[in-house]
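The structure under discussion appears below in the form of structure tokens.
Reminder, nothing fancy here: chain letters follow the sequence lines and each chain counts from 1.
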2 protein chains.
Amino acid sequence: MTVDLDLDRYLPYLLNRAGARIAAAFTGVARDYGITLPMWRVLAVLNHHGALRVGGLARLTTIDVSTLSRVLDGMERKGLVARRRGGGDQRSVTVETTGAGRDLTAKVVPVAHHYEDVALTGFDAAEARALKAMLIRLFENLDRLDDDLRAEQRDAG
Amino acid sequence: MTVDLDLDRYLPYLLNRAGARIAAAFTGVARDYGITLPMWRVLAVLNHHGALRVGGLARLTTIDVSTLSRVLDGMERKGLVARRRGGGDQRSVTVETTGAGRDLTAKVVPVAHHYEDVALTGFDAAEARALKAMLIRLFENLDRLDDDLRAEQRDAG
DNA sequence: TATTGTTATACTCTATAACTATA
DNA sequence: TATAGTTATAGAGTATAACAATA
């Protein structure tokens with residue numbers, strides 16, 4: 001080891017490895033149902049939160065707005081979601097699932113639960129809870145970091 | 001909520017969100033040093049494990065072999081790594097960092113540590129250890145799942 | 001015959017910026 | 001002027017399969 005970075009205990013590496021594995025597994029599932037992984041993320045978020053504006057959907061799916069716009073194009077072509085302008089602010093676009101979108105979601109959700117169960121094999125309920133709580137704290141810390149970086153750039157620019 | 005999938009407690013979602021955030025942050029860092037995130041992953045793995053064959057490097061970076069082949073093309077053009085054929089099996093190609101690659105790694109590692117510290121703000125040492133241990137178990141469970149799926153496909157095909 | 005790695009190809013995602021419409 | 005979303009575009013990653021060389 002030339003420089004001191006112990007990958008086996010380096011959080012971003014461990015997070016990426018686990019995330020890549022679970023994403024790869026679910027990419028296969030999504031394909032079985034004729035969609036991509038980002039499309040499944042959109043369906044899952046809409047299922048949980050109901051109709052959302054594009055910006056909010058982008059934040060909740062961690063998909064960039066411009067990328068999401070194209071993902072939604074594809075989903076509209078497949079008849080899974082519908083976009084409508086307005087709802088107060090006429091600049092905004094609200095996205096909601098169609099009946100077909102909800103049907104597909106209902107089919108995939110049990111598989112999603114199964115994969116989570118497999119991932120958590122050997123974890124007891126308390127451990128699983130603790131893991132999820134820590135992932136949430138991690139995300140919030142990084143969220144704050146993002147804000148700080150933006151503030152620095154604003155001050156510098 | 002139409003179907004029962006509580007995203008706020010759904011592990012793959014939480015993992016993806018945290019992973020996406022940390023990847024976005026580190027994509028910016030990598031760019032500051034003139035490389036991409038996958039290139040940084042390659043440098044970090046080579047730094048930790050020493051010279052590796054392409055296959056092993058692909059496994060340890062969670063980058064597909066064919067994708068990695070192109071990433072390495074770019075890194076060779078930048079003079080960060082060198083490939084050499086052989087070392088026993090003449091089909092294999094061994095990848096190692098150059099002096100410039102090691103210099104760059106040495107510059108990025110402190111930043112990597114900083115980002116880990118920020119991500120773990122508010123975690124005590126025991127919590128951080130527990131989180132990392134659980135991420136490793138998670139990965140191993142999914143690894144086994146991957147093997148099982150491959151076995152099923154083999155049996156089916 | 002199977003495996004290692006590269007190459008071809010086509011597709012998806014990503015990121016920046018320019019643009020339209022509205023606020 | 002600023003914001004919401006789309007579109008243009010170029011690039012980077014991904015996946016499958018075909019391929020060359022070696023085992």
Minimum heavy-atom distance A:A58-A:D64, with the two atoms named: CB-C, 4.5 Å
5'-most by nearest nucleotide on DNA chain D - A:T94 or B:S66: A:T94
Donor-acceptor contact below 3.5 Å, side chain A:K78 vs main chain A:G34: yes
Between CD1 on residue A:I136 and CZ on residue B:R9, distance to nearest 0.5 Å: 7.5 Å
Base of C:dT12 paired with side chain of A:T67 (donor-acceptor, under 3.5 Å): no
Between C1' of C:dT6 and CG of B:L68, the distance in whole Å: 11 Å
A:D73 CG - C:dC13 P separation (whole Å): 12 Å
Residue closer to the 5' end of DNA chain C, A:V71 versus A:R91 (nearest nucleotide): A:V71
Atom of B:V45, atom of B:L57 and distance for their closest heavy-atom approach: CG1-CD1, 3.7 Å
Exercise: identify the closest heavy-atom pair between A:G101 and A:L43: O-CD2, 4.1 Å
Flag for A:N16-B:T62: side-chain donor and acceptor within less than 3.5 Å: yes
Length of the CD-C1' vector between B:Q90 and C:dT3, whole Å: 14 Å
Side-chain donor/acceptor of A:R70 to base of D:dT9, under 3.5 Å: yes
Helical bend (five base pairs per end, nearest 10°) for the helix from C:dT1-D:dA23 to C:dA23-D:dT1: 0°
Nearest-Å distance for atom pair CG/C1', residues A:L72 and D:dT7: 14 Å
Member of A:R53, A:R83, A:R84 meeting the salt bridge (charged side-chain N to carboxylate O under 4.0 Å, His left out) criterion with A:E96: A:R84
Integer-rounded Å distance: D:dA20 P and B:R85 CZ: 14 Å
Within residues 31-42 of chain B, residues whose heavy atoms come under 4.0 Å of DNA chain D: B:T36, B:P38
B:T98 side chain vs B:L80 backbone, donor-acceptor pair below 3.5 Å: yes
Interatomic distance where CG belongs to B:D89 and C1' belongs to C:dT3 [whole Å]: 8 Å
Pi-cation contact, A:F123 with B:R137 (under 6.0 Å, within 45°): yes
Sugar-phosphate, base or nothing in reach of B:V65, heavy atoms under 4.0 Å: base
Spacing of B:R84 atom CZ relative to C:dT4 atom P, expressed in whole Å: 18 Å
Any A:R83 side-chain nitrogen or oxygen under 4.0 Å from OP1 or OP2 of D:dT6: yes
Whole-Å gap separating C1' (D:dT14) and CG (A:N16): 14 Å
